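I have placed the structure first, in the form of C-alpha cells, so that the comments after it can refer back to it.
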Number of protein chains: 2
Amino acid sequence: MLERLKANFPLLHDRWDDYISCFKRMQVAPKTILLKEGDISHKAYLIEKGCLRVSFDKNGTDVTFQFFFENSTVSSIESFTKGLPSEFSIETVEACTLWWIDKTDIERILNEVITIPAMRKQILNTMFERTINYMHHFLSFIRDTPEQRYLNLLEQKPYVVQRVPQHYIASYLGISSVHLSRIKARIARKAS
Amino acid sequence: MLERLKANFPLLHDRWDDYISCFKRMQVAPKTILLKEGDISHKAYLIEKGCLRVSFDKNGTDVTFQFFFENSTVSSIESFTKGLPSEFSIETVEACTLWWIDKTDIERILNEVITIPAMRKQILNTMFERTINYMHHFLSFIRDTPEQRYLNLLEQKPYVVQRVPQHYIASYLGISSVHLSRIKARIARKAS
DNA sequence: GTCAAACGATAACATTTGTTATCAAATACT
DNA sequence: AGTATTTGATAACAAATGTTATCGTTTGAC
C-alpha cells in the first residue's frame with residue numbers, strides 16, 4: 001500500500017522511509033467506531049481496503065453524511081487540526097484494512113513537505129478540491145430532488161449503492177429509509 | 001479601504017504599493033449582475049460597502065446560496081481558478097462600492113506572497129476556514145429544520161435578515177418564500 | 001442448523017412543504 | 001402626487017416526505 005503511494009510523490013523519495021515508518025497498519029471489524037462524536041481526534045486514517053462512514057447524532061438518530069473508500073484519507077479535520085471535540089463519529093461499514101498516523105507525525109511531515117514548491121502546489125490543490133467537493137455536494141441538496149440525488153449517486157458513485165446498507169444511504173441523501181424505498185420502487189416502475 | 005487592509009499584512013508593506021495599484025474602485029447600482037452563470041470569471045471583488053448574492057438557475061427560478069457583505073472577497077472560485085464557465089451568477093443586492101482585481105494580477109501576487117512562510121500559513125488557514133464554513137452550512141441543511149435554520153440565521157447573522165429581501169433569504173434557506181412567511185408567523189405566534 | 005439481528009419493502013396515516021392566487025403595504029420612478 | 005414594481009402575508013389546495021407498524025428475507029453468531 002505505502003509502496004504504491006510512493007510512486008505519486010517522486011520528490012519525497014529520499015525522506016520516504018522516515019515517513020513510512022510513522023504509519024501503522026490495522027485490521028478492523030465492521031461497525032467499529034474509530035472516533036466518537038465529542039472525542040478529540042489524534043489520528044488520521046488511510047484506507048487500504050474497506051469502507052468508512054462519518055456520521056453525527058441528530059436527536060437520537062444517527063445521520064451519515066460522508067462515505068470513504070479505498071485510497072482515501074479520513075480524519076475529523078476540524079477536531080484533528082484544532083484539537084476541538086469532534087462533531088462527528090467515524091465508523092467502519094465493512095471489515096477494513098487501515099493505516100493510521102499520529103497527529104504529531106503528520107504535522108511534522110507536513111511542515112517539511114510544504115516547503116517544496118511542487119508539493120505545496122499539490123497540497124493547496126487538494127484542499128481546494130475538497131472545498132469544491134463540499135460545495136457541489138451541498139449544492140445538490142438545494143438544486144436536486146431526493147430522487148435526482150439518488151440517480152446522481154447511482155451514476156457517479158455506483159459502488160456506494162452497491163457496498164453500503166440502504167438506510168445509511170438514505171440518511172446520506174437527507175431522507176428517511178422508507179422514502180428511499182419508495183423512490184427505488186418508483187424508478188423501477190418507470191423503467192418497466 | 002485598501003489602506004485599512006494594509007495593517008493586516010505587515011509582512012507585505014514593501015510590496016504594498018504595487019499590490020494596491022492592481023485594484024480598481026467601482027460604484028454599482030442594486031441588482032447589477034457582475035458575473036453571469038455560464039460566463040468565465042476574470043475578476044475578483046472586494047466589498048467596501050454593500051451586499052452581493054451568489055445564485056444559480058434551477059429550472060427557471062433563481063436560487064440564492066450565498067451572501068457577501070463588507071470586507072469580504074467574492075469570486076466564482078472554480079471559474080476563476082480553473083477558467084471554467086461559472087456555475088453561478090454574482091449580483092448586487094444593494095448599491096455597492098467595490099474594488100476589483102484581474103485574475104492575472106491576483107495570480108502574480110499570490111505566487112509572490114505564498115513564498116513567505118507566515119503568509120503561506122495564513123492563506124492555508126483561510127482556505128481551511130472556508131472549507132469548514134461550507135461544511136457547517138451544509139450540515140445545517142441535514143441537521144436542522146427550516147425553522148431552526150432561520151432562527152440560527154437570525155441569531156448568528158442578523159444583518160442578513162435585516163438587509164436582504166425575504167425571498168432571497170427563503171431560497172438561501174432552501175424553502176419557498178411562502179413557507180418562510182409561515183415560519184415567521186409561527187415564531188411570532190409562539191413568542192406572544 | 002437454529003435463532004436473533006439487520007435489512008429492505010410496503011401500507012396507512014400525519015406532517016411538512018410547495019404552488020397558485022389574491023391582497024395590502026412599501027418602495028421606486030417619473 | 002400618481003403609477004408601476006417590489007415585497008410580504010395569507011388562504012386553499014396539491015405534492016412530497018416523515019412516522020409507525022408489519023412482514024418477509026438475508027445475514028451473522030453460536
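In this text the structure is predicted, and so the values were computed from the model without any measurement.
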Is the Lys NZ or Arg CZ of B:Lys184 less than 6.0 Å from the centre of B:Tyr150's six-membered ring, within 45° of the axis? no
Between CG on residue A:Leu98 and OG1 on residue A:Thr92, distance to nearest 0.5 Å: 8.0 Å
Round to a whole Å and report the spacing from NE2 of A:His179 to C1' of C:dA14. 15 Å
In terms of relative ring orientation, are B:Tyr19 and B:Trp16 parallel, tilted or perpendicular, with 30° and 60° separating the classes? perpendicular
Establish, from distance only, whether the side-chain atoms of B:Glu87 and A:His136 form a donor-acceptor pair under 3.5 Å. yes
May I ask you to decide if B:Glu78's main-chain N or O and B:Thr81's side chain share a donor-acceptor pair within less than 3.5 Å? no
How about A:Asn152 and A:Gln148: does a side-chain donor come under 3.5 Å of a side-chain acceptor? yes
At a 4.0 Å cut-off to heavy atoms of chain A, the contacted part of DNA chain D spans D:dT17 to D:dT20
Rounding to a whole Å, what distance do you find between A:Asp62:CG and C:dA6:C1'? 15 Å
Is NZ or CZ of B:Arg143 both nearer than 6.0 Å to the six-membered ring centre of A:Phe56 and within 45° of the ring axis? yes
Go through the structure and list residues passing side-chain contact (heavy atoms from CB on, under 4.5 Å) with B:Ser76, not counting sequence neighbours. B:Leu35, B:Ser41, B:Ser79, B:Ser86, B:Phe88
For DNA chain D, what residues of residues 26-36 of chain A have any heavy atom nearer than 4.0 Å? none
Please check if any side-chain donor atom of B:Thr131 sits under 3.5 Å from a side-chain acceptor atom of A:Thr131, or the reverse. yes
Looking at five pairs on each end of the helix from C:dG1-D:dC30 to C:dT30-D:dA1, what is the angle between the two axes, given to 10 degrees? 60°
If you assign B:Leu180 and A:Val178 each to the DNA chain D nucleotide with the nearest heavy atom, which residue ends up on the more 5' nucleotide? B:Leu180
Without decimals, in angstroms, what is the distance between B:Asp144 CG and C:dT16 C1'? 16 Å
Just to verify, what does A:Ile116 make a side-chain contact (heavy atoms from CB on, under 4.5 Å) with, not counting sequence neighbours? A:Leu11, A:Leu12, A:Met119
Check whether A:Thr97 reaches the backbone of A:Lys49 with its side chain - one donor and one acceptor, N or O, closer than 3.5 Å. no
Counting only N and O atoms by type, is there a donor-acceptor contact under 3.5 Å from the side chain of A:Gln66 to the main-chain atoms of A:Arg53? no
In terms of relative ring orientation, are A:Phe138 and B:Phe141 parallel, tilted or perpendicular, with 30° and 60° separating the classes? perpendicular
So if I take residues 159-175 of chain B and measure heavy-atom distances to DNA chain D, which residues fall below 4.0 Å? B:Pro165, B:Gln166, B:His167
